[in-house]
Amino acid sequence: LHEARMRWVVRGGVALAAASCGLVASAANPKAVPPRGVLHIIADDLRSELGAYGLPNRTTPHIDALAASGTTFLAAYAQIAVCGPSRNSFMTGRRPDRSRCWNFINSFREDHPGWTTIPGNFLRGGGVALGVGKIFHPQIPPAYDGNKSWSEAALPFVNPCWNTADNPNATFQDGGLPCVFCPVDIDNRLFHGNVSIANEFCEIDAIEDTLTVTAAVKHLRAIASSQDSTPFYLAVGVHKPHMPWQAAPEDWAAHPIDSVDLAVHIHPPQGMPDVAFHFTDGSKDGVPEHTDPWNPVSNAHARVARRAYRAAVTGMDRKLGALLQELEDLNMANSTAIIIHGDHGWSLSELGLWRKMSNYENAVRVPLIMKVPWLQTPKRCNALVELVDLAPTIWELVGLDPPQGEDFDGVSLVPLLSGATVTVKDAAFSQYPRRVTDPAAPWRDNSIIHNNRSTFTHMGMSIRTEDWRLTQWALWNGTSLSPIWNKIVATELYDHRNSTLYPVNFELETVNVASVPGMQSIVSVLSSKLRSAFDHPEQ
């Protein structure tokens with residue numbers, strides 16, 4: 001089934017879908033009371049590997065149940081495919097090229113100290129802003145933004161167990177650290193043993209998410225017992241399925257190894273420019289057998305890695321079940337909007353890619369599910385939306401005005417959630433930088449994560465419409481921190497005219513058609529839209 005009900009307009013020779021949400025809607029809850037707050041759940045590294053997206057045997061019953069009574073967005077996109085910068089983006093409602101946060105060094109507060117965040121606007125409006133777990137990446141911004149974003153009851157901010165955010169002298173700030181390490185990680189840290197997608201998993205439950213949910217439940221109980229009727233915001237950041245993939249034995253048992261399928265397209269796209277690829281999990285001691293982008297991980301190692309990811313997702317879902325049940329038990333479900341999404345996507349061997357850190361569909365597309373009891377929400381929505389849309393959406397749901405004197409890159413999705421046949425946008429945008437160290441092999445050692453943003457060499461900027469994805473790679477000006485528009489070194493164009501949205505399809509963008517005769521007009525129109533979105537002369 002291709003989820004698409006669209007009105008078509010043609011602009012400059014490119015058909016752009018004016019897509020609306022599906023017509024089948026869930027009735028507003030007759031017991032709904034005036035909106036009181038928002039429960040915002042952020043899952044680290046979560047792609048649409050869920051039953052709610054039409055995939056069988058994923059064992060995610062709690063998220064699937066939420067989707068069944070809410071709206072599942074089928075075409076939602078992050079603005080950058082890495083944890084810290086993506087969170088700086090959607091928590092402020094601005095794109096990374098405006099926050100100027102692209103790595104694990106800088107935060108939006110350095111360039112924009114006066115910006116208001118999603119929770120910060122609740123504080124401005126006299127509401128309550130609470131959070132626990134991984135909301136911002138540790139130290140970006142410092143102390144999870146402290147009292148600029150959070151009520152006193154949420155401070156000092158709790159992110160179990162390795163919370164370095166409140167220690168300005170801490171040099172180790174990995175946002176994915178587990179409370180209890182897998183044996184392979186201990187071997188790696190102490191003895192520099194090999195660690196990769198082929199072995200970084202274990203049957204140890206993710207205690208950090210149990211502790212996060214426990215703390216979130218305490219916040220919910222405090223809200224329920226309060227006589228305060230002002231709007232509340234509770235952000236809950238779960239760590240899984242971030243690596244290491246950890247889950248309890250029961251979660252692993254839900255995914256027998258012979259039930260795990262393999263990706264079909266395990267080689268880079270035809271015509272892919274080398275700079276577009278981020279090579280991870282290279283061969284060390286022969287495991288895995290991944291020496292370059294064109295020599296994929298073996299089927300055996302890919303299968304166990306894909307199983308481990310699914311087990312971690314199932315374990316995360318199990319813990320969220322306790323949180324969602326608590327909302328029911330406190331009689332808050334009818335007055336609380338629930339939003340759950342990933343901070344970006346993930347690749348599980350499709351196109352030869354693992355992890356995130358690219359502009360491809362699997363890296364930037366995210367699951368996004370919203371349940372708003374006081375609205376008659378569609379079951380599934382095929383409209384293009386972005387994570388920068390969360391800020392204006394959340395504020396409108398509880399009647400908060402946007403901060404005066406500030407501009408945001410997102411738009412409210414409330415019209416879509418209300419079932420209106422409207423178009424909120426005709427394109428989604430993302431970006432990812434590179435720091436090429438070997439011009440002969442641009443895909444090798446090109447990470448920007450812990451490197452100064454002035455040392456980037458390229459910026460990849462991507463636009464996704466209903467029919468196309470265009471990505472252009474420009475050389476980088478390390479002084480102005482901006483792309484050099486007259487030095488586009490590579491262009492990618494991927495055809496999505498026959499792509500299905502439901503069930504979710506991870507086997508996309510296999511052929512770069514940018515140089516195919518007849519495509520030049522499409523490249524030209526999309527390039528113009530891309531530059532309009534990313535060209536900021538004031539910066």
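Every heavy atom of this structure was used, including side-chain atoms; hydrogens, water molecules and symmetry mates were not. Residue numbers run from 1 in the order of the sequence given.
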Yes or no on salt bridge (Lys or Arg N to Asp or Glu O under 4.0 Å) for Glu110 and Arg100, after CA distance, side-chain angles and deciding distance?
CA-CA 9 Å; Glu110 297 176 35; Arg100 293 158 77 89; over 6 Å; no
Does any part of the side chain of [Y], heavy atoms only, come nearer than 4.5 Å to the side chain of [X], both counted from C-beta?
{"X": "Phe429", "Y": "Leu530", "value": "yes"}
{"X": "Leu50", "Y": "Arg58", "value": "no"}
{"X": "Pro241", "Y": "Glu49", "value": "no"}

Just jot down the ring pair (Phe, Tyr, Trp, His ring centres under 6.0 Å) partners of [X], sequence neighbours excluded, or say none.
{"X": "His341", "value": "His40, Phe90"}
{"X": "Phe506", "value": "none"}
{"X": "Trp150", "value": "Phe157"}
{"X": "Phe201", "value": "Trp252"}

Using a 3.5 Å distance criterion without hydrogens, assess whether the side chain of [X] forms a donor-acceptor pair with backbone atoms of [Y].
{"X": "Asp209", "Y": "Lys240", "value": "yes"}
{"X": "Arg355", "Y": "Ala363", "value": "no"}
{"X": "Gln139", "Y": "His137", "value": "no"}
{"X": "Glu507", "Y": "Glu350", "value": "no"}
{"X": "Gln431", "Y": "Asp97", "value": "yes"}
{"X": "Asn382", "Y": "Phe73", "value": "no"}

Once rounded to the nearest 0.5 Å, what's the spacing between atom [atom1] of [X] and atom [atom2] of [Y]?
{"X": "Lys134", "Y": "Ile42", "atom1": "NZ", "atom2": "CD1", "value": "10.5 Å"}
{"X": "His219", "Y": "Leu39", "atom1": "NE2", "atom2": "CG", "value": "11.5 Å"}
{"X": "Ser99", "Y": "Ile80", "atom1": "OG", "atom2": "CD1", "value": "8.0 Å"}

Would you call Glu509 and Arg365 a salt bridge, taking side-chain N to carboxylate O under 4.0 Å as the test?
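Arg365 and Glu509: not salt-bridged.
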Pairing of Arg98 and Asp407 as salt bridge, 4.0 angstrom limit:
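So Arg98 pairs with Asp407 through a salt bridge.
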Candidate list Gln79, Arg94, Glu386, test side-chain contact (heavy atoms from CB on, under 4.5 Å), partner Asp409, passing option:
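When side-chain contact (heavy atoms from CB on, under 4.5 Å) is applied between Asp409 and each of Gln79, Arg94, Glu386, only Arg94 qualifies.
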Looking at residues at least two apart in the chain, or sitting in another chain, which of them share a side chain to side chain donor-acceptor pair (under 3.5 Å) with Gln246?
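With neighbours one apart ignored, the set is empty.
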With sequence neighbours left out, write down each residue that passes side chain to side chain donor-acceptor pair (under 3.5 Å) with Thr214, or none if nothing qualifies.
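Thr214: no side chain to side chain donor-acceptor pair (under 3.5 Å) contacts found.
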If only side-chain N and O atoms count, and only distance matters, is there a donor-acceptor pair under 3.5 Å linking [Y] with [X]?
{"X": "Arg464", "Y": "His496", "answer": "yes"}
{"X": "Asp44", "Y": "His239", "answer": "no"}
{"X": "Asp64", "Y": "Thr60", "answer": "yes"}

